[in-house]
Amino acid sequence: MTIAVAVSGGMDSLLALALLQERDEELLAVHGHFLPPSTAWERVAEGLARACDTLGVPFHALDLHQAFDDRVIKPFVAEYRAGLTPNPCAMCNPRMKFGVLFDAARNLGADRLATGHYVSMEDREQGRMLVRGRDAAKDQSYFLSMVPVEKLRLAEFPLARTFKRDVPAFLQGLGLTPPLPSESQEICFVPDDDYQHFLTARCDMSGPGPAALPDGRVIGEHQGLWRHTQGQRRGLGIPWSEPLYVLDKDVASNTLIVGPKEFLDAKGCVAGQVNLMCPARDWPGSVLVQTRYRQKAKPAKAWLSGGKLYFDFLEPHTRPTPGQVAAVYDEAGTVLGGGIIEEAL
RNA sequence: UGGGGCGUCGUCAAGUGGUAAGACAUCAGGUUUUGGUCCUGACAUUCGGGGGUUCGAAUCCUCCCGCCCCAG
């Protein structure tokens, strides 16, 4: 059996590669170039080739930038234009890493795909399931909740039990230096973390409009709905007696609905593009749903109807944002499914 | 130009003789593989302007400027 290791150039995937090698697996390393060719592109490829050479693992660099543009960047832009708040990282996993990249790796002879995600695959009563990583601060299961379970069952996650803080020492001990020493936190295809500039440079975006309280009272102006997202506080520029948050966007009237924090909670939400890790009838009566990365998963009643997932929150829950992922877990941290939020209820 | 009221940070606003609260906004950091949230820090030597009283005024007096309301 051959395992392809997806290496990005960062330290996590490099460690994943090294850990698998210690397990004496048949390996090959694949690097997908998601961005158009550039000198940085070459530098990363060279660095990775060198590291793989040190480890004695065959290395393949693949130009996937066109697929990335079609499957991640274009939808990202389209969703922003439609008034949604897309989550490109969550889409990149099913469409690119476990999609195009995995397919390319199979063509190179790989049976399985390994990545440097901080998650694990474990045997549960529903079968082999995706589970939160041991390092709770670094767990990335939320971003993988849209990946089909059949793909995940062909995945290897060597960092399942690794703590992020131990990674640098690990690599140093192995004499490995990642070509991208400090991982970038921003969206990989948006320079300088400036998504607003990226969008305006790429196409025409909607213009200014009124900012109103839930009762309809106009108290300010926004510079484009796409510049704001549900739950956002900063950047509104509206002086008020208390902090104001974005509650909603009314695309039809180009109105930003804002209000104090106590208006921010929602009772539930609906999600589409549902990805079930197991049949919904096998879910517990009460699940835990996470509607944002970095948010605690909270209890909810969940049911499937007309191909969509409905959630009834059992605790106060900050209004979910259309376009973001709703990841469903059980108490043990098993990922039961995921969907794209369409509406808060 | 009769009567009344008001003018303190970008906004709201406390302070009525003892040496300019606070909130919002903004900016800068921190946290963070999306957008956000959250945390920390910075933000009026000065109170519409001039003069005066006082050891000392945003607070008292005075003149000027500006705004608002009610009458004409």
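Labels below follow one simple rule: chain letters A, B, ... track the order of the sequence lines, proteins then strands, and each chain is numbered from 1.
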Visitor: Of all the choices, C24(B), C38(B), G35(B), which nucleotide is nearest to the side chain of K261(A) once you look at every atom?
Guide: C38(B)
Visitor: Considering all heavy atoms of both residues, which atom of L64(A) and which atom of G32(A) are nearest to each other, and what is their separation?
Guide: CD1-CA, 4.0 Å
Visitor: Applying a 4.0 Å non-hydrogen cut-off, can you work out what R233(A) is touching in the nucleic acid: base, sugar-phosphate, or nothing?
Guide: sugar-phosphate
Visitor: Indicate whether the side chain of S120(A) and that of R161(A) have a donor and an acceptor atom separated by less than 3.5 Å.
Guide: no
Visitor: Now, which nucleotide makes the Watson-Crick or G-U wobble pair with C67(B), with each of the two distances under 3.5 Å?
Guide: G5(B)
Visitor: Classify Y80(A) by what it touches in the nucleic acid, base, sugar-phosphate, or nothing, heavy-atom distance under 4.0 Å.
Guide: sugar-phosphate
Visitor: Can you tell me if R292(A) touches the phosphate of U32(B), counting only side-chain N or O atoms and a distance under 4.0 Å to OP1 or OP2?
Guide: no
Visitor: Of the nucleotides U33(B), U37(B), G35(B), which one has an atom closest to the side chain of Y293(A)?
Guide: U33(B)
Visitor: Within the structure shown, what part of the strands sits under 4.0 Å from T318(A) by heavy-atom distance: base, sugar-phosphate, or nothing?
Guide: nothing
Visitor: Using the side-chain heavy atoms of R294(A), tell me which of these nucleotides is nearest: U34(B), U32(B), U26(B).
Guide: U32(B)
Visitor: Classify the nucleic acid contact of G116(A) as base, sugar-phosphate or nothing, counting any heavy atom under 4.0 Å across all strands shown.
Guide: nothing
Visitor: Answer with base, sugar-phosphate or nothing: what part of the nucleic acid does Q295(A) contact at a heavy-atom distance below 4.0 Å?
Guide: nothing
Visitor: What is the nucleic acid contact for T85(A), judged by heavy atoms within less than 4.0 Å: base, sugar-phosphate only, or nothing?
Guide: base
